[in-house]
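In this chain, numbering begins with 1 at the start of the sequence shown.
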Amino acid sequence: MSRTLHIVLAAVVVLAFVGAPVRTASAQEVTLEIIPPEDLKKDMPPEIEAKVIGGPAGVTPDKFELVQTDNKKGPIPIKAESIKTYVQGSETLAVVVLVEAHEIWIGNDKWVEDQASAYKGTYEKLVEAIDPLSKAGPIGSQGALITYSQGVELRHAMTDLTALTGDKLGSQKDLSGKYTRDLVAGLSEAQAQLNKVGASRKVLVVIGDGMDTNNETAGGQIQDLKKKFQTDRVDVYAIYVATEGLEGDPNGFKKLTSNVQQLNGVDGLPPAVSKIVDAINDRYYIRFPGAEIKLQKSFDWDTKAHTFMVKMDKDEWEVDDELVLEPKWVPPWKRAKKGFPWLLVIGGVLGGLVLLVVGVKVFGGKKAPPEPVMVAPPPVAAPAAPAPAPAPAGPMKTVMIGIGGDDGGFPVVGWLVPLNGPNQFQTFKLQGGVSKIGSAAPSHVIINDGYMSTEHCQIIASPAGFTLKDGGSTNGTYVNDRKVDVHELVDNDVIMMGKTSFRFKSIN
């Protein structure tokens with residue numbers, strides 16, 4: 001090719017994130033989650049974590065209060081104790097960056113020998129733009145880089161997100177020599193890469209001119225892929241950059257997502273990607289104690305559902321869903337005081353005096369009966385056989401104390417806490433009786449783990465405690481690295497099902 005192409009970029013800039021309007025002070029999304037205490041022996045209720053999506057950035061915990069609004073004596077406000085940004089949290093992220101690699105769109109000015117046929121493309125700004133995505137998620141997040149032109153190429157396989165940098169594109173010459181745009185194939189490969197990981201959040205970033213070479217059939221295929229991404233809860237962002245001499249179709253991206261940025265120059269690529277990073281990080285986590293002992297304030301830990309709101313200075317953010325405050329916990333200042341049992345002592349003394357008086361009246365005036373006369377000596381009894389030695393004591397067994405204070409009731413509560421995978425650090429409360437754990441219904445606890453069986457195992461709560469039974473799973477069930485069919489669980493046991501590890505927690 002010996003021609004000079006002058007790159008002219010579209011003059012329209014359109015930015016829309018998640019198809020939603022700009023948030024106002026009353027448009028935050030707030031969800032609450034109970035966090036079990038790390039030290040179960042400590043006399044404190046669980047903490048409550050508020051996840052805020054769309055709140056103002058750069059705030060500190062002293063600005064926040066969590067308010068229980070349905071208490072009969074009035075609202076109960078408790079101040080926050082800490083705040084974490086998204087990258088400090090535990091909701092791991094999986095990112096796939098999909099980049100067009102058509103030579104005219106990428107450019108060839110960095111390697112072509114005949115400068116008369118050189119033309120500048122998007123390459124330099126692409127390398128710079130991708131770098132911020134490597135810092136978009138918390139520890140444990142992953143990322144991959146794919147290019148599409150004549151088919152697709154996996155430039156950087158799914159691995160630690162911090163390694164997803166612009167240099168993984170390769171040199172401009174590495175990308176040259178291709179003059180088609182197989183966008184559908186690129187989107188299909190991106191979906192396959194995202195399906196390989198179990199991250200809490202998944203994001204696809206597509207950068208190109210929105211065109212597929214097979215334009216007649218691509219539209220319907222792109223819309224089908226859009227539905228798949230929505231089903232898989234993948235957030236899709238697209239950045240459209242057009243060039244003169246290369247037909248582009250922004251509607252190709254608009255059929256895929258409402259999050260399309262149309263740029264008026266390649267210099268806009270880094271800011272456009274930075275806006276996507278801001279959208280990904282548009283959330284933080286505020287931790288509240290379940291009670292403030294010194295101030296004698298506590299939420300109503302009565303195992304019932306209650307309503308809440310979050311206050312930030314003068315702003316009030318409603319929480320749509322009610323929160324069940326369990327397990328049951330009574331604050332110290334509301335417990336019955338244990339003083340000296342004077343009534344029992346006085347009653348005991350009076351009772352003793354009454355018995356003494358009655359005994360004197362009944363037995364005081366009577367003579368002792370005569371000693372019986374021995375007619376014949378009684379037979380001598382054979383000496384008693386020595387009592388058998390007590391059996392050696394077996395290993396102590398964990399006894400779950402019931403709600404009533406004895407070992408005849410059910411344990412107060414038990415949880416499963418995933419230590420890895422898409423449900424990492426969520427809490428799943430075990431129900432009374434049988435709780436089934438597996439990868440799909442009818443299991444009660446459903447985990448997205450392809451190595452787990454549909455009904456992998458079950459945990460039975462009984463007066464004796466919690467018993468785990470394997471459900472005939474394909475890969476077996478392991479407790480503390482030992483394969484089991486039946487196992488009596490104790491607090492802090494580590495259970496492995498498929499590739500997911502759980503910590504068993506119980507309050508007794």
Where do K168 and T165 land on the side chain to side chain donor-acceptor pair (under 3.5 Å) test, with the steps shown first?
-> CA-CA 6 Å; K168 299 303 188 301; T165 50; 3.1 Å; yes

Stepwise side chain to side chain contact (heavy atoms under 4.5 Å, CB included) test for L187 and L256 = CA-CA 10 Å; L187 293 172; L256 178 66; 3.8 Å; yes

M312 and V59: CA distance, side-chain angles, deciding distance, side chain to side chain contact (heavy atoms under 4.5 Å, CB included) verdict = CA-CA 9 Å; M312 192 202 76; V59 290; 3.9 Å; yes

When you look at V99 and I146, which way does the side chain to side chain contact (heavy atoms under 4.5 Å, CB included) test go after all the steps?
-> CA-CA 6 Å; V99 178; I146 302 170; over 6 Å; no

Please lay out, stage by stage, how C457 and I437 fare under the test side chain to side chain contact (heavy atoms under 4.5 Å, CB included).
-> CA-CA 6 Å; C457 74; I437 301 96; 4.1 Å; yes

Run the side chain to side chain donor-acceptor pair (under 3.5 Å) check on D70 and Q68 step by step: do they pass?
-> CA-CA 6 Å; D70 61 352; Q68 181 187 332; 3.0 Å; yes

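The heavy-atom pair separating E488 from T467 by the smallest distance is CG-OG1, 4.2 Å. Residues A94 and V197 come closest through the heavy atom pair CB-CG2, 3.5 Å. Of all the heavy atoms in Y240 and G210, the pair that sits closest is CD1-N, 4.1 Å. Taking each heavy atom of G268 and P271 in turn, the nearest pair found is O-CD, 3.3 Å. For I34 against P46, the heavy-atom pair with the smallest separation is CG2-CB, 3.5 Å.
Of the possible donor and acceptor atoms, none in the side chain of S443 sits under 3.5 Å from a partner among the backbone N and O of V445. A donor-acceptor pair under 3.5 Å is absent between the side-chain atoms of S506 and the main chain of V413, judged by distance alone. When atom types are taken as modelled, the side chain of D313 and the backbone of D315 share no donor-acceptor pair closer than 3.5 angstrom. Within the 3.5 Å criterion, the main-chain N or O of T85 finds a donor-acceptor partner in the side chain of Q88. Panel note: side chain N423, backbone P418; no donor-acceptor pair is recorded below 3.5 Å. Between the side chain of H444 and the backbone N or O of K436, at least one donor-acceptor pair lies under 3.5 Å. At least one donor-acceptor pair closer than 3.5 Å links the side chain of K297 to the backbone N or O of P77. A donor-acceptor contact shorter than 3.5 Å links the side chain of D470 to the backbone of G472.
Environment of CG in D160: crowded, with over 12 heavy atoms of neighbouring residues, nucleotides or ligands closer than 6.0 Å. The environment of NZ in K63 is sparse: at most 12 heavy-atom neighbours from other residues, nucleotides or ligands sit within 6.0 Å. Remark: R233 CZ is loosely packed, at most 12 non-hydrogen atoms of other residues, nucleotides or ligands lying under 6.0 Å away. Atom NZ of K311 is surrounded by 12 or fewer heavy atoms from other residues, nucleotides or ligands within 6.0 Å. The neighbour count for L154 CG, taken as heavy atoms of other residues, nucleotides or ligands under 6.0 Å away, is above 12. For K226, the NZ atom is densely surrounded, since the number of other residues' heavy atoms within 6.0 Å is greater than 12. The 12-atom threshold is exceeded at NZ of K84, counting heavy atoms of other residues, nucleotides or ligands nearer than 6.0 Å.
Taking the ring centroids of F466 and F504, they lie under the 6.0 Å cut-off. Centroid-to-centroid, the aromatic rings of F64 and F288 stay 6.0 Å apart or farther.
Counted by atom type alone, Q193 and N195 present zero donor-acceptor pairs between their side chains at under 3.5 Å. Residues K202 and Q191 bring no donor and acceptor atom of their side chains to less than 3.5 Å of each other. A side-chain donor-acceptor contact under 3.5 Å links T307 and T69. Counting only N and O atoms by type, the side chains of D493 and N480 include a donor and acceptor under 3.5 Å apart. The closest side-chain donor-acceptor pair between W333 and Q296, if any, does not fall under 3.5 angstrom. No hydrogens or angles considered: a donor-acceptor pair under 3.5 Å links the side chains of D62 and T60.
At a threshold of 4.0 Å, the pair E81-R287 does not count as salt-bridged, since none of the basic side-chain nitrogens sits closer than that to a carboxylate oxygen. Salt bridge status for R335 with D43: present, with a side-chain N to carboxylate O gap under 4.0 Å. Taking a cutoff of 4.0 Å between a charged side-chain nitrogen and a carboxylate oxygen, E91 and R283 qualify as a salt bridge.
Residues Y284 and P56 have side chains in contact (heavy-atom distance under 4.5 Å, counting atoms from C-beta outward).
In this structure Y148 satisfies the ring pair (Phe, Tyr, Trp, His ring centres under 6.0 Å) test with no other residue, sequence neighbours excluded.
Note that the CH2 atom of W415 and the OG1 atom of T427 stand 8.0 Å from one another [nearest 0.5 Å].
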